[in-house]
A.B. asks: 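Submitted below is the structure of interest, expressed as structure tokens.
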Amino acid sequence: MSNSVDLISKTAYLKFEQCQKAFFFYKRHPYLRDKISVDKQLTFNRGHQVGELAQTLFPGGTDVSKQTKNSAEALALTKTLVENKTPVIYEATFSFNGALIMLDILCLENEKYTAYEVKSSFKISEIYLKDACLQYYVLKNALPNLEDLFLVTLNQDYVLENELNPKKLFKKRSVKNESEKNLPYFENQLFNAQLTLEQNKIPNIAIGKQCFKPYQCDYFGNCWKETVADNSIFHLPGLDKEKLFEWYNSGIRTVDEIGKEHDAKEIIYKIKQAYFENKPIVDKEKITTLLSTIKQPMAAMDMEMWGPAIPKINGTKPFEQLPYLVCFFDGTTHSTIFIDYTKDERRTFAEQLIAHSKPFASILVYDGTMEKMVINSLIRLFEDLKNDLEELKNKFTDLFEIFLEFSYYDPAFKTNFSLKTVSGVLLKDVTYTKITSGLEAMAYYDNFRNEPKTVERKIIKQELIDYCQTDTLATFKLTEFLQGIL
DNA sequence: GGCAGAAACCAACATAGGCC
DNA sequence: GGCCTATGTTGGTTTCTGCC
């Protein structure tokens with residue numbers, strides 16, 4: 001194998017930090033990777049968009065990735081650009097001691113280089129810092145005149161006013177101090193990583209907490225295929241990984257192997273009983289109490305939010321949530337509020353929300369946390385609508401409580417109580433077609449806003465409405481299901 | 001009344017799970 | 001990614017209790 005193939009990219013290195021086995025798979029058996037989820041892909045896409053916007057902080061740069069096909073070419077082109085004292089380079093590529101890095105932005109000022117690594121978040125996590133320190137390590141050794149490396153993040157306090165101002169939208173923090181302290185660490189870790197590859201065999205590492213931190217591993221499906229039995233302890237809800245692996249490492253694999261001596265929470269023994277009897281936990285008394293708060297006429301409600309990382313509407317901040325779609329379902333008919341947001345239309349939204357909900361005495365929701373948050377923010381904006389909006393909140397009956405408090409628990413839920421999971425287990429006739437998550441809906445709404453063709457816009461809008469209506473249908477049917485078992 | 005140890009309390013932080 | 005809630009852990013402080 002040639003040398004360039006064994007260069008350790010930043011991604012590969014971070015895998016090594018998480019788990020040597022994951023790193024080995026990444027480098028030698030990439031085909032074992034799990035399929036990337038839609039939600040994960042959307043998060044990546046957002047990151048790229050924010051990265052591109054950050055380039056406008058230092059305009060006119062040469063983009064190495066757009067002019068090269070592989071890392072060897074990227075390294076060569078970067079070398080030339082640096083030699084020619086190119087003032088701004090995007091995706092500048094360097095390698096040192098077997099590590100390969102690409103920098104979002106590299107700027108030459110007064111004969112010295114400053115690098116910028118962009119993150120589409122407010123906070124700098126531990127993993128971001130490590131990531132940046134590695135880049136600093138390589139850069140320090142590959143570039144003789146490095147001034148500093150900054151992590152660039154979104155500014156939580158930025159409010160859009162007319163024209164987007166990237167200088168205020170982003171904030172930066174130097175990682176020079178941390179990086180300088182950690183230079184020997186990376187030297188050592190890169191040596192170990194190379195060693196792992198040279199061994200040429202899959203590192204013998206058992207599943208453990210590292211499979212989840214800082215991210216769920218891409219090779220999860222491969223390593224965990226032995227533990228997918230229905231009654232695996234890993235399908236028990238509410239347990240922390242510490243406890244689970246304590247049990248796992250002492251030989252416990254299935255729910256029925258958990259004994260009184262294992263000092264689990266009471267609910268775990270109840271679930272064990274549910275597995276044994278092959279029937280769900282049902283606390284009719286608690287379910288009755290919750291359902292008795294429902295008054296007729298009732299309707300299920302669901303809201304969709306749009307929260308772009310880069311604010312698009314005047315007066316909003318990064319990631320600020322704007323409600324754009326609400327559906328009500330009363331058992332026979334659906335009603336819908338849909339807002340285009342060509343400008344700040346929250347007032348219109350609030351008024352329509354009040355009007356649409358007025359006819360109902362009870363509003364069924366599934367985890368109404370977000371809805372309550374939205375209503376609270378509307379109250380802050382429009383003091384005069386306070387009474388109506390408070391009244392709406394008071395009409396809520398939240399079915400989520402039943403599942404969260406284990407008043408109804410079917411082992412098939414495993415660790416998951418989302419509306420999608422619960423309705424998937426308990427209801428036969430609720431299916432999601434095009435859009436399958438709130439995050440995906442948000443991306444569709446972006447497409448809707450950017451789509452110039454009227455016909456296309458109409459199609460996307462209908463898909464969004466279908467998704468929202470399906471959630472209300474599920475919530476409504478779930479209520480009927482629960483009423484039916486009492 | 002003074003003291004040590006236990007119990008109770010609190011704030012901060014982490015984890016799990018939800019929504020978008 | 002952001003944000004919320006519920007729950008558990010930890011460490012520190014305050015209060016209670018029993019005993020001399």
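Every value quoted in this text rests on a predicted model; they were computed, and no experiment measured them. Chain identifiers are assigned alphabetically (A, B, ...) following the order of the sequence lines, protein sequences preceding nucleic acid strands; residue numbering begins at 1 within each chain.
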A.B. asks: Between Asn416(A) (CG) and dG17(B) (C1'), how many Å, whole number?
C.D. replies: 8 Å
A.B. asks: Run the side chain to side chain donor-acceptor pair (under 3.5 Å) test against Glu257(A) and tell me which residues pass, sequence neighbours left out.
C.D. replies: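 Side chain to side chain donor-acceptor pair (under 3.5 Å) list for Glu257(A), sorted by chain: Thr254(A).
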A.B. asks: For the pair made of CD in Glu401(A) and C1' in dG17(B), what is the distance, rounded to whole Å?
C.D. replies: 15 Å
A.B. asks: Can you name the one residue among Arg449(A), Lys312(A), Arg457(A) that meets salt bridge (charged side-chain N to carboxylate O under 4.0 Å, His left out) with Asp340(A)?
C.D. replies: Arg457(A)
A.B. asks: Once ring-ring contact (aromatic ring centres under 6.0 Å, His included) is applied, do any residues pair with Tyr219(A), and if so which ones, sequence neighbours excluded?
C.D. replies: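 By the ring-ring contact (aromatic ring centres under 6.0 Å, His included) rule, Tyr219(A) matches Phe25(A).
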A.B. asks: Is the Phe481(A)-Tyr408(A) ring centre distance short of 6.0 angstrom?
C.D. replies: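 Phe481(A) vs Tyr408(A): aromatic centres under 6.0 Å.
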A.B. asks: Indicate, with a heavy-atom threshold strictly under 4.0 Å, whether Asp302(A) touches base, sugar-phosphate, or nothing.
C.D. replies: sugar-phosphate
A.B. asks: Could you list the protein-to-nucleotides 2-5 of chain C atom pairs, N/O on both sides, closer than 3.5 Å?
C.D. replies:
unit_1: dG2(C); atom_1: OP1; unit_2: Phe122(A); atom_2: N; d: 3.1
unit_1: dC3(C); atom_1: OP1; unit_2: Gln156(A); atom_2: NE2; d: 2.8

A.B. asks: Under 4.0 angstrom, heavy atoms only, what part of the nucleic acid is Tyr215(A) near: base, sugar-phosphate, or nothing?
C.D. replies: sugar-phosphate
A.B. asks: Provide, to the nearest angstrom, the distance between the CD atom belonging to Glu266(A) and the P atom belonging to dG8(C).
C.D. replies: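 Checked: the CD to P distance equals 13 Å.
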A.B. asks: Could you tell me the separation between the CZ atom of Phe406(A) and the C1' atom of dG17(B), rounded to a whole number of Å?
C.D. replies: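 These atoms are roughly 10 Å apart.
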A.B. asks: Could you tell me how far apart Asp367(A) (CG) and dA6(C) (P) are, to the nearest whole angstrom?
C.D. replies: 10 Å
A.B. asks: Quick one: which residue pairs count as a side chain to side chain donor-acceptor pair (under 3.5 Å) with a foot in residues 367-382 of chain A, not counting sequence neighbours?
C.D. replies: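 Of all non-adjacent pairs touching residues 367-382 of chain A, those that pass side chain to side chain donor-acceptor pair (under 3.5 Å) are Asp367(A)-Thr369(A), Asn376(A)-Lys393(A).
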A.B. asks: To the nearest Å, give me how far apart CD1 (Ile435(A)) and P (dC19(B)) are.
C.D. replies: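 Value for this atom pair: 16 Å.
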A.B. asks: Looking at every strand, decide which applies to Leu154(A) at a 4.0 Å heavy-atom threshold: base, sugar-phosphate, or nothing.
C.D. replies: nothing
A.B. asks: Any side-chain N or O of Lys265(A) under 4.0 Å from OP1/OP2 of dG8(C)?
C.D. replies: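 For Lys265(A), the contact criterion (side-chain N or O under 4.0 Å from OP1 or OP2 of dG8(C)) is not met.
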A.B. asks: Please give, in whole Å, the distance from dA6(C) P to Phe400(A) CZ?
C.D. replies: 10 Å
A.B. asks: Under the rule for side-chain contact (heavy atoms from CB on, under 4.5 Å), what residues qualify as partners of Lys434(A), not counting sequence neighbours?
C.D. replies: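 So Lys434(A) forms a side-chain contact (heavy atoms from CB on, under 4.5 Å) with Tyr444(A), Glu463(A).
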A.B. asks: Please classify the nucleic acid contact of Asp471(A) as base, sugar-phosphate, or nothing, using heavy-atom distances under 4.0 Å.
C.D. replies: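 Counting heavy atoms under 4.0 Å across all strands, the contact made by Asp471(A) is with sugar-phosphate only.
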A.B. asks: Which residue pairs pass the salt bridge (Lys or Arg N to Asp or Glu O under 4.0 Å) test with at least one member in residues 209-231 of chain A, sequence neighbours excluded?
C.D. replies: Lys15(A)-Asp218(A), Arg33(A)-Asp218(A), Lys40(A)-Asp218(A), Lys209(A)-Glu242(A)
A.B. asks: With a 4.0 Å heavy-atom cut-off, tell me which residues in residues 234-244 of chain A come close to DNA chain B, sorted by residue number.
C.D. replies: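 Of all residues in residues 234-244 of chain A, the ones placing a heavy atom under 4.0 Å from DNA chain B are Pro237(A), Gly238(A), Leu239(A), Asp240(A), Lys241(A).
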A.B. asks: For the pair made of CD1 in Ile268(A) and P in dA16(B), what is the distance, rounded to whole Å?
C.D. replies: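 The distance from CD1 of Ile268(A) to P of dA16(B) comes to 13 Å, rounded to the nearest Å.
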A.B. asks: Measuring from the side chain of Thr415(A) (C-beta onward, heavy atoms only), which nucleotide among dC20(B), dC19(B), dG17(B) has the closest atom?
C.D. replies: dG17(B)
A.B. asks: With nearest nucleotide decided by heavy atoms, which residue, Leu404(A) or Leu439(A), maps closer to the 5′ end of DNA chain C?
C.D. replies: Leu439(A)
A.B. asks: Does CD in Glu261(A) sit with more than 12 non-hydrogen atoms of other residues, nucleotides or ligands closer than 6.0 Å?
C.D. replies: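 Correct, the count exceeds 12.
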A.B. asks: Please, which pairs that meet salt bridge (Lys or Arg N to Asp or Glu O under 4.0 Å) have at least one residue in residues 421-432 of chain A, sequence neighbours excluded?
C.D. replies: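 Listed by first then second residue: Asp429(A)-Lys477(A).
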A.B. asks: Anything under 3.5 Å between a donor and an acceptor, one on a side chain of residues 299-310 of chain A, the other on a protein residue two or more places apart or in another chain? List them.
C.D. replies:
unit_1: Trp306(A); atom_1: NE1; unit_2: Asp446(A); atom_2: OD1; d: 3.3

